[in-house]
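Report on the following structure.
Residue numbers run from 1 in the order of the sequence given. For clarity, every value in this text was computed on a predicted model and none was experimentally measured.
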Amino acid sequence: MQPTDIGRLVSLADPRVSPDGSLIAFTVTRVDLDANRYRSAVWLAATDGSTPPHQLTSGEHGDSQPVWSPDGRRLAFTSRRSTGSDAATLHVVPIGGPGETVTVCERPEGIEQPAWSPDGRHLAFASRERTGRYSDGDDERARPPRRIDRLWSREDGTGWTIDRPRSVFVVPADGSARPRVVAGGPYEHDGPAWSPDGSRLVTAVPRAKDWDLDLIADLHLVDLAAADAPPRAITSGRLSHWRPAWSPDGATIASLAQDGKLLHSHTQVVLTDATTGEQRVLTADLDRQCAPQPGARAPIWDGDHLLFAAEDRGDVHVYRVPADGSGPAHRVLGGTRVITGYDQAGGVLAFVAATATTLPELFVRDPDGTERRLTSVGAAFHDAVPVRAPEYFRVPSPGGDGDMDVWLVKPDAPADGGRLPVLLSIHGGPMSQYGNAFFDEFQLWTGAGYAVVYCNPHGSTGQTEAWARSIRPPEAAEVPGTGWGGIDADDVLAALDAALARDPQLDPDRVGVLGGSYGGYLTSWLIGHTDRFAAACSERAVNNVESLEWSSDAAGFFRHEFGVGHLDSPEVYRRMSPISYVRDISTPVLILHSEDDLRCHVEQADQLFVALRLLGKPVEYWRFPEEGHELSRSGSPRHRVQRAEIILDWFGRHLGGRRPRITWDHPSRTP
């Protein structure tokens, strides 16, 4: 795989089964490198495979989020089919019968999570509602100043949210009236989901006093008959909720929820009585993260059971659990793979799955347990680009409390019989996992001649809650651990050592390290505590944990992450900050950061660069304009290609891997 092969990538997501189980709507997204944009379209597939899947919408306007009407005769979807560059539109298209596509509404902000009313007459959705500050047109210099009186006032990839909060709207499905706000700001609403009788909506939203400080999203009911009544909270506790779903009888609400006061807690499937607010956690015995990313969605009611997804040692599987808590969850869909989307209706279970060597495709599971693949959207990519399969093994953690999941993916042996340069890749999060899914970066690195080692150290998900919590600092009042840069750093080095020991083809003298976000943190940390790496790439990194607590869009969050605040215990934050050890860095460092990154503000990169430059250390710094924290995953296609070329050129110069052919104005471009 070469950097320009990013332009061949295609993804499939968001399967939705029609009520009678005969059709599946889903979204296909392609990379258009020439136009420097992404194109997504809604497709349809017959569940019995009797006809080939076909494209339903044009795909020129970012069509996505398909949702079936209750009778299965119409499909709603979102798009950008407006003359305004940022405007979003909601449409309804007839399926299997005559009729025209109806534009239900147009909004200046994105439309999210559309949901049909049970009678099919209305659609609810979430969208940002601009305040009067935006009435002065598009010239920001002519608008009044922005008043900020709470935390969580902006969001990476979205920008300022304090003057455009996410509200809940309801609109007639025929487009005969404008959308009306039924749950408004200044709060950030998730959902909505309709009650079976259509009289109420449930949404997860923090609306309590000082809600920006406690971060608890409670379940709230919206009475649609009481136009002026505010949403009514039915939960009030330590659990923070999202993605609610009503039971068919309207008595209970299932949702995803986690401990809002103790971070590094697994998200659970929770059942809440819609009248009393009494709650039952259904998945505690599973002891796995039940909100995988990607793949998290509202639990699906299946009679008196619920379907949900969970991470398990690099895989993502689908489970089924009794709603009355009478038994444990059991796995419905397993395998060495990552299930990134699923849905069930009309007796049909559809899902999207990827493996380490295949892009996501759409499958159905028949009642007898057999699985059938319905699509081959990734065939053109795989026909053109060879893919390397990883080797999986486990390595005991130096902490002595279990073993890590570790992978090694290798290129062909060098023609001269020499050894392979190695890249140690560290994931972000920290509460996330590397998994058995296709990851373009690993194929890019092996395509340039590198062996790639990656693992899930302490702090990762995919294992127990205790494993994830183990990197809270020792000063934390609850469940203290080693802190960032403790057992997690020991783990990734142990994984690297194990890979070097098991494969004599790997060259221990030509090892590089790289990672983004928290992976960038550990990269910066490691090179400040060891000189064993020949080069490093620290990307969108946390370099100063203390300043992150006030510069990030998640400012105020890290006191929950660490169990201690920066105002009371600044020494804890400084001790865990890589910038504190910058004088000990001798490894050549490549710094990559996006200028619009709000999660890890660009000042994090500035701090590391300025210090290294003043100290005369080898450093190279690249800033990407008009990009946020998600550059490597959803940034502009050309920037994604340029980023890959910069990384490969850097490690090529320091480790001896193949340097890419660069056609843009890179100072060290090869002819």
Side-chain angles (χ1 to χ4, degrees), residues 12-30 39-84 87-107 110-127 169-180 192-194 196-198 224 341 343-350 352 362 364 372 374-377:
L12 188 155
D14 206 16
R16 290 294 181 265
V17 183
S18 62
D20 65 0
S22 64
L23 294 170
I24 305 167
F26 56 97
T27 302
V28 174
T29 302
R30 301 182 185 276
R39 301 186 186 277
S40 61
V42 176
W43 284 56
L44 290 178
T47 56
D48 61 6
S50 58
T51 57
H54 65 278
Q55 186 170 328
L56 178 68
T57 68
S58 69
E60 294 296 314
H61 310 286
D63 306 327
S64 63
Q65 302 185 91
V67 187
W68 291 96
S69 64
D71 62 7
R73 297 170 60 186
R74 293 168 294 167
L75 189 72
F77 65 93
T78 60
S79 187
R80 294 279 181 179
R81 304 183 180 196
S82 171
T83 55
T89 48
L90 177 63
H91 306 271
V92 171
V93 58
I95 303 296
E100 299 291 334
T101 299
V102 174
T103 299
V104 176
C105 66
E106 178 179 318
R107 296 277 306 155
I111 295 173
E112 306 171 61
Q113 301 170 281
W116 286 89
S117 63
D119 62 7
R121 297 176 57 190
H122 293 83
L123 285 155
F125 61 87
S127 183
F169 295 78
V170 171
V171 63
D174 61 3
S176 59
R178 294 172 59 86
R180 65 183 179 96
W194 293 85
D197 64 4
L224 297 177
D343 194 35
Q344 179 169 286
V348 172
L349 176 57
V352 176
L362 178 66
V364 292
R372 291 179 289 111
L374 298 181
T375 63
S376 56
V377 298

Return a table of donor-acceptor pairs under 3.5 angstrom between the side chains of residues 87-96 and protein atoms on other chains or two or more places apart.
from	atom 1	to	atom 2	distance (Å)
Thr89	OG1	Ser79	O	3.4
Thr89	OG1	Arg81	N	3.2
Thr89	OG1	His91	NE2	2.8
His91	ND1	Thr103	OG1	3.2

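- The cationic atom of Arg107 (NZ for Lys, CZ for Arg) lies less than 6.0 Å from the six-membered ring centre of Phe169 and within 45° of the ring axis.
- Applying the ring-ring contact (aromatic ring centres under 6.0 Å, His included) definition to pairs two or more places apart or across chains, none involves residues 53-75.
- Partners of Asp20 by side chain to side chain donor-acceptor pair (under 3.5 Å), not counting sequence neighbours, listed by chain and number: Ser18, Ser22.
- Judged as a side-chain contact (heavy atoms from CB on, under 4.5 Å), and not counting sequence neighbours, the contacts of Ala115 are Trp194.
- Once rounded to the nearest 0.5 Å, the distance linking OG1 of Thr47 with CG of Leu23 reads 7.0 Å.
- Rounding to the nearest 0.5 Å places OG1 of Thr375 at 9.0 Å from CH2 of Trp43.
- Considering every non-hydrogen atom in both Pro114 and Gln65, the closest pair reads CD-OE1, 3.6 Å.
- In terms of heavy-atom proximity, Val171 sits nearest to Ala177 at CG2-O, 3.5 Å.
- Side chain of Asp63 to main chain of Val42: no donor-acceptor pair is present (N/O by atom type, distance under 3.5 Å, no hydrogens or angles).
- In this structure, Pro70 and Pro118 approach most closely via the heavy-atom pair CG-O, 3.4 Å.
- We find the CZ-CD1 distance between Arg80 and Ile111 to be 8.5 Å, quoted to the nearest 0.5 Å.
- Taking the salt bridge (charged side-chain N to carboxylate O under 4.0 Å, His left out) definition, one finds that Arg372 meets it with Asp366, sequence neighbours left out.
- Residues meeting the side-chain contact (heavy atoms from CB on, under 4.5 Å) test with Ala173, sequence neighbours left out: Arg74, Trp116, Leu123.
- With sequence neighbours excluded, the residues forming a side chain to side chain donor-acceptor pair (under 3.5 Å) with Ser176 are Asp174, listed by chain and number.
- Checked against side-chain contact (heavy atoms from CB on, under 4.5 Å), Ser64 has the following partners two or more places apart in sequence or in another chain: Thr27, Thr78.
- Contacts classified as salt bridge (charged side-chain N to carboxylate O under 4.0 Å, His left out) and involving residues 110-123 (residues at least two apart or in different chains) are given here: Glu112-Arg166.
- For residues 44-62, the set of pairs meeting the salt bridge (charged side-chain N to carboxylate O under 4.0 Å, His left out) definition, not counting sequence neighbours, comprises Arg39-Glu60.
- Taking CG of Leu44 as the start and OG1 of Thr57 as the end, the distance is 9.0 Å to the nearest 0.5 Å.
- Contact between Pro15 and Phe26 at its shortest, heavy atoms only, is CA-CB, 4.1 Å.
- Scored by the side-chain contact (heavy atoms from CB on, under 4.5 Å) test, Arg180 finds Val182, Leu224 as partners (sequence neighbours excluded).
- The heavy-atom pair separating Ala126 from Gln113 by the smallest distance is CB-OE1, 4.4 Å.
- For Ser58, there are no side chain to side chain donor-acceptor pair (under 3.5 Å) partners, not counting sequence neighbours.
- Here the shortest heavy-atom pairing between Pro19 and Gly72 reads CD-CA, 3.7 Å.
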